Structures are given as C-alpha cells and as structure tokens.
Visitor: 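There's a structure below that I have some questions on.
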Amino acid sequence: MEQQVIPSDYTQYAEAVEIIKHAIERCRYRSAAAVNKETLSLYFGVGKFVSENSRIGCWGTKALPTISKLLQRELPGLHGFSESGLKRMRSFYEEWRTFLIRPTVLGELENHSSEKGTALIHPTALGELDIDEHLLLQLIGQPVNTEFTWDDFVKISFSHHIEILTRSKDIAERLFYIHCAAQNAWSLSSLKNYLKEDIYSNRGSLPSNFLQVLPEAIYAVKATLAFKDEYMLEMVNLENVGEREQDWNEKVIENQIVTNIKQFILRFGNDFTFIDSQHRLIVAGEEMFADLVFFNRELNASVIVELKRGKFRPNYLGQLSGYLTVYDMTDKKPHENPSIGIVLCQDANRQFVEIMVRDYDKPMGVATYRTAQEMPENLRKTLPDIDKLQNLLSENDSKSETIR
C-alpha cells in the first residue's frame, strides 16, 4: 500500500527537488562551458594550422575546398568544417593570436616533409586555448571593459565570436560585446540586433542595467540613449532658498524642479512629459511616495526619478526598485513598456554603481546633477538660454502644425 504524503513532508520533498534541480543545472552549465572551451580551442588550433600553411606554407589556392571534401568523406556528417568554416577558423586565429597565444599554449612547431618535399607547418598538439588578460586590458585602457575575464571569452559560442569579429574591428568594442553577450546570455539573434544598432558607439554613458534586464534589444538600445550620466540643473539655485547648506534636503531641489518643470524637461529631454511629484503608491496597505514621475514617448514607458542629496548609496536602488514594482502593478498601462527608474544624486562612482545595479531585475540607472552654484562661470555662459530654447521649440511646433 502506497504511503500517504502529508503536507509537511511534501514541502521538504519540494525543497529537495529544488536543490537537486539546481545541482543538475550547474552541472549542465559547467559541462556546456567545458565543451565550448574545447570547441574554441580546437577551432583556434585548426585556424592556426590553416593560417600558417595557406598564408606562408605550401598550400595552393584549392587547398581548403579539397581538405573540406576529404574531411567530409573521412567523417560523414561533420559540421562546421566546410571551406567557409575553415576560413572562419583561420580568421578567428588571426584576429586573436596576439592575445591568445602564450609560448606553451599550442606546443612547439615542427617541420614535416610532404611528398613534394615542401614543409608542412603544424602544431604538435592542439592544446588548451589561453589568454593574456593583462595584455588585453593594458591595450584597452577603458573602464567599460575592466570586468572582462577569460570566462567571458570561452562562455560564448564560436558563432558569437565570428559575428563580433565580422561586425567590429576595434579591440575594446569587441570585448564590450563579448562581455555583454557572456554576462547576459545573449542569443545569436540578440547579439546581431545589438551589433546592428551599434550600441557600443551609441550607448548612453549612464551606468545602468538596461541591457541586462530589458527584454527587447531595440527597447534596451533606446533606453541607453535616452539618459545622460550628468544633468546641469541651473534652474535649481540653492543660494536663494534661505537655508544653510546642511539644512536643505531633496525636497528643496524637488520643489525648484517642479516650479521650473518646463526648464527641467528641456534639460532632461524633449520626449519626456511630466506626470506627478510625490506620486502616491499604495500596496498591501502601505504607502510610498515617488519623488518625480515622467512619461517618455519614445520609450513608451514611465520614468521614476528619485532625488538624492550627496553621494550615491546602494540602498537607493532598493528603494527605487520597490517603487517600480508597485508602479508597474498599479499604474502602468498594458500597452506600455516596463517602467524605468533613475537615481539622481550629486556624486556617484560609475564602476561601483555598475556593480551594485547588476543584481536588480528592474531597469535602473544612476545619474548625477549640478546645481547653479556648482557650475563654473565659464560653463554657465555656455548653457543655452531657457527662454530662447522654449521660443525655438514653439516655433518648430508651429511649423510642424502648418506642414500637417
């Protein structure tokens, strides 16, 4: 007779299943990563072999199609070793050999006589692929790639690598795409979209997690372009608030922004429309108040701005994430994209922000601002006059209406 499972036992069994399931998934991941590394090592070694014999060795122009056909005959059903495949392996080797070869990686080269007495160059062993990370990072010298690791390189497929090599010629740009593809598990089609949109050149400088958490490539690209990393808020003049510096808080800044909301939007971007300040959010009987809420027409999404005095703190992201969760539950329309959150503070360490924001599943970024008295005099003079900007926009709107 089958023993009855009581609820408490079922809970324990369910927890056991989760533990075993995660163990299996980790094992599968490690196995797939190991296979991918071996595959890349093989292709790199074959690419080296093909390169040295086709470029400076004894092979003629018909070598690659002939070798491909013979391989297919010897190993029926073999994939990836067509003439074009061998050329891709050669390209993979030639593009990365400066960084991926250490003296003992592929073994010593030996010369072997062919039937014609010419030298056939080949490695004695197609050993493990290895990388000189120090050399890579030294040549790049850009903060966006300081987190690049060898694991990133071997985590993505050969097809991903070839797509990046084909579409990008700059080493820093290539590593940017490799790192993003590896960390965010981009499919090949997603990678192609990002490369087509050229997000490396067009990406906004705002430190954020947009590329990681926003589901659609085009939407993620638009979000990276919609925000700046620093805003000049000359309409916020704290010298006029009648308070000592240690006494003023975020509310003072918020009041001045709301009072001068048209000016703020001109600085923030023309696609933004103002919705509310101190927007009341209620969930499970608890209420919260979001500082500023906007809507961006290009993104088709609401944007919650949380104002903070002083330097960025990690707990600001947790607070903002909570606002986004409740806002999307209660205020977001079905046709709108996920709402975006921006922490607007006076100072932020970009690299620190990028590390802190990566574990959140809500799209968020951190920007800094300068108030009127914080701007150097020469910078204040270069800022366009707000009244002139407003008149210009009004004229353009009138012309657009006339054309319609």
Side-chain angles (χ1 to χ4, degrees), residues 180 184-199 202-204 206-228 231 254 257-258 261-262 264-307 316-344 357-367 393 396-397 400-401 403-404:
C180 289
N184 305 314
W186 286 350
S187 65
L188 186 60
S189 60
S190 292
L191 173 63
K192 288 179 178 179
N193 281 334
Y194 286 125
L195 285 164
K196 183 179 179 181
E197 293 294 330
D198 191 17
I199 64 169
N202 296 322
R203 70 194 188 283
L206 177 85
S208 71
N209 62 356
F210 297 157
L211 294 178
Q212 291 94 314
V213 303
L214 291 175
E216 296 182 11
I218 300 303
Y219 180 39
V221 170
K222 287 181 178 180
T224 62
L225 300 176
F227 303 96
K228 296 182 287 188
Y231 292 92
E254 180 186 326
I257 287 176
V258 173
I261 194 65
K262 290 183 179 179
F264 179 78
I265 289 176
L266 285 171
R267 292 285 173 254
F268 215 49
N270 292 333
D271 284 320
F272 289 89
T273 55
F274 179 59
I275 295 178
D276 198 7
S277 65
Q278 288 301 302
H279 187 74
R280 187 168 179 245
L281 298 166
I282 302 178
V283 62
E286 299 288 337
E287 64 177 8
M288 302 179 290
F289 294 90
D291 287 343
L292 298 168
V293 180
F294 297 87
F295 188 82
N296 185 285
R297 292 174 295 171
E298 178 67 21
L299 298 177
N300 188 31
S302 295
V303 177
I304 296 179
V305 177
E306 186 64 14
L307 290 166
Y316 296 161
L317 294 173
Q319 180 183 7
L320 184 56
S321 178
Y323 291 166
L324 291 170
T325 297
V326 178
Y327 189 90
D328 282 352
M329 287 172 55
T330 59
D331 291 53
K332 185 176 83 68
K333 305 299 182 185
H335 66 276
E336 294 175 1
N337 285 316
S339 302
I340 291 173
I342 301 294
V343 173
L344 196 56
V357 77
R358 66 170 59 162
D359 288 333
Y360 286 91
D361 59 2
K362 296 294 182 182
M364 295 186 292
V366 177
L393 287 173
N396 288 338
D397 289 341
S400 299
E401 289 297 327
I403 293 172
R404 288 172 192 163

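No experiment lies behind these values; they were computed from the predicted model shown. Residues: numbered from 1 along the sequence shown.
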Visitor: Is Val293 close to Phe274 at the side-chain level, that is, under 4.5 Å between some pair of heavy atoms?
Guide: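 No, side chains not in contact.
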
Visitor: On a heavy-atom basis, which atom in Leu214 and which in Ala220 lie closest, and how many Å separate them?
Guide: CD1-CA, 3.8 Å

Visitor: What's the shortest heavy-atom distance between Asp328 and Pro338, and which atoms?
Guide: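 In this case the closest contact between Asp328 and Pro338 is OD2-CA, 4.2 Å.
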
Visitor: Do Ile340 and Leu299 come close enough that some side-chain heavy atom pair is under 4.5 Å?
Guide: yes

Visitor: Ser302 vs Phe294, test: side-chain contact (heavy atoms from CB on, under 4.5 Å). Steps then yes/no.
Guide: CA-CA 6 Å; Ser302 295; Phe294 297 87; over 6 Å; no

Visitor: Output all residues satisfying side chain to side chain contact (heavy atoms under 4.5 Å, CB included) with Val366, sequence neighbours left out; order by chain, then residue number.
Guide: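 Per chain and number, Val366 pairs via side chain to side chain contact (heavy atoms under 4.5 Å, CB included) with Phe312, Leu317, Val343, Cys345, Ala348, Val353.
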
Visitor: When rounded to the nearest 0.5 angstrom, what is the spacing between CG in Leu324 and OH in Tyr360?
Guide: 11.5 Å

Visitor: Could you work out, with side chain to side chain contact (heavy atoms under 4.5 Å, CB included) as the rule, every residue matching Glu287, not counting sequence neighbours?
Guide: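 Side chain to side chain contact (heavy atoms under 4.5 Å, CB included) check on Glu287 returns Arg280, Ile282, Phe289.
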
Visitor: Can you check whether Ile342 reaches Ile304 side chain to side chain, under 4.5 Å on heavy atoms?
Guide: no

Visitor: Give, for atom CG of Leu206 and atom OG1 of Thr224, the distance between the pair rounded to the nearest 0.5 Å.
Guide: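 One finds 9.5 Å between CG of Leu206 and OG1 of Thr224.
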
Visitor: Is it true that a side-chain atom of Asn209 and a backbone atom of Lys362 form a donor plus acceptor pair closer than 3.5 Å?
Guide: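 The answer is yes, because a donor-acceptor pair under 3.5 Å joins these two groups.
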
Visitor: What's the shortest heavy-atom distance between Ala226 and Tyr231, and which atoms?
Guide: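 What the structure gives for the nearest pair is O-OH, 4.4 Å.
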
Visitor: Using only atom types and a distance under 3.5 Å, with no angle test, would you say the side chain of Ser190 pairs donor to acceptor with the backbone of Trp186?
Guide: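 Absent.
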
Visitor: Is the side chain of Asp271 donor-acceptor paired with the backbone N or O of Asn296 at a distance under 3.5 Å, no angle test?
Guide: no

Visitor: Do Met364 and Ser321 have side chains that approach each other closer than 4.5 Å (heavy atoms only, starting at C-beta)?
Guide: yes

Visitor: Specify the closest pair of heavy atoms between Tyr219 and Ala301, including all atoms of both residues, with the distance to one decimal.
Guide: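 Minimum heavy-atom separation between Tyr219 and Ala301: OH-CB, 3.2 Å.
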
Visitor: Taking C-beta and beyond as the side chain, do Val303 and Phe227 meet within less than 4.5 Å on heavy atoms?
Guide: yes

Visitor: Tell me every residue that passes side chain to side chain contact (heavy atoms under 4.5 Å, CB included) with Asp276, counting only those two or more places apart in sequence or in another chain.
Guide: His279

Visitor: Could you tell me which non-hydrogen atom of Asp361 sits nearest to which non-hydrogen atom of Val213, and how far apart they are?
Guide: O-CB, 3.8 Å

Visitor: Less than 4.5 Å apart, side chain to side chain, heavy atoms only: is that true for Asn300 and Phe295?
Guide: yes

Visitor: Does the Lys332 side chain pair with the main chain of Glu336, one donor and one acceptor, at a distance under 3.5 Å?
Guide: yes

Visitor: Checking the side chain of Tyr316 only, and the main-chain atoms of Leu344 only, is there a donor and an acceptor separated by less than 3.5 Å?
Guide: no

Visitor: Between CG of Asn337 and OG of Ser339, what distance do you get to the nearest 0.5 Å?
Guide: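 It comes to 9.0 Å.
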
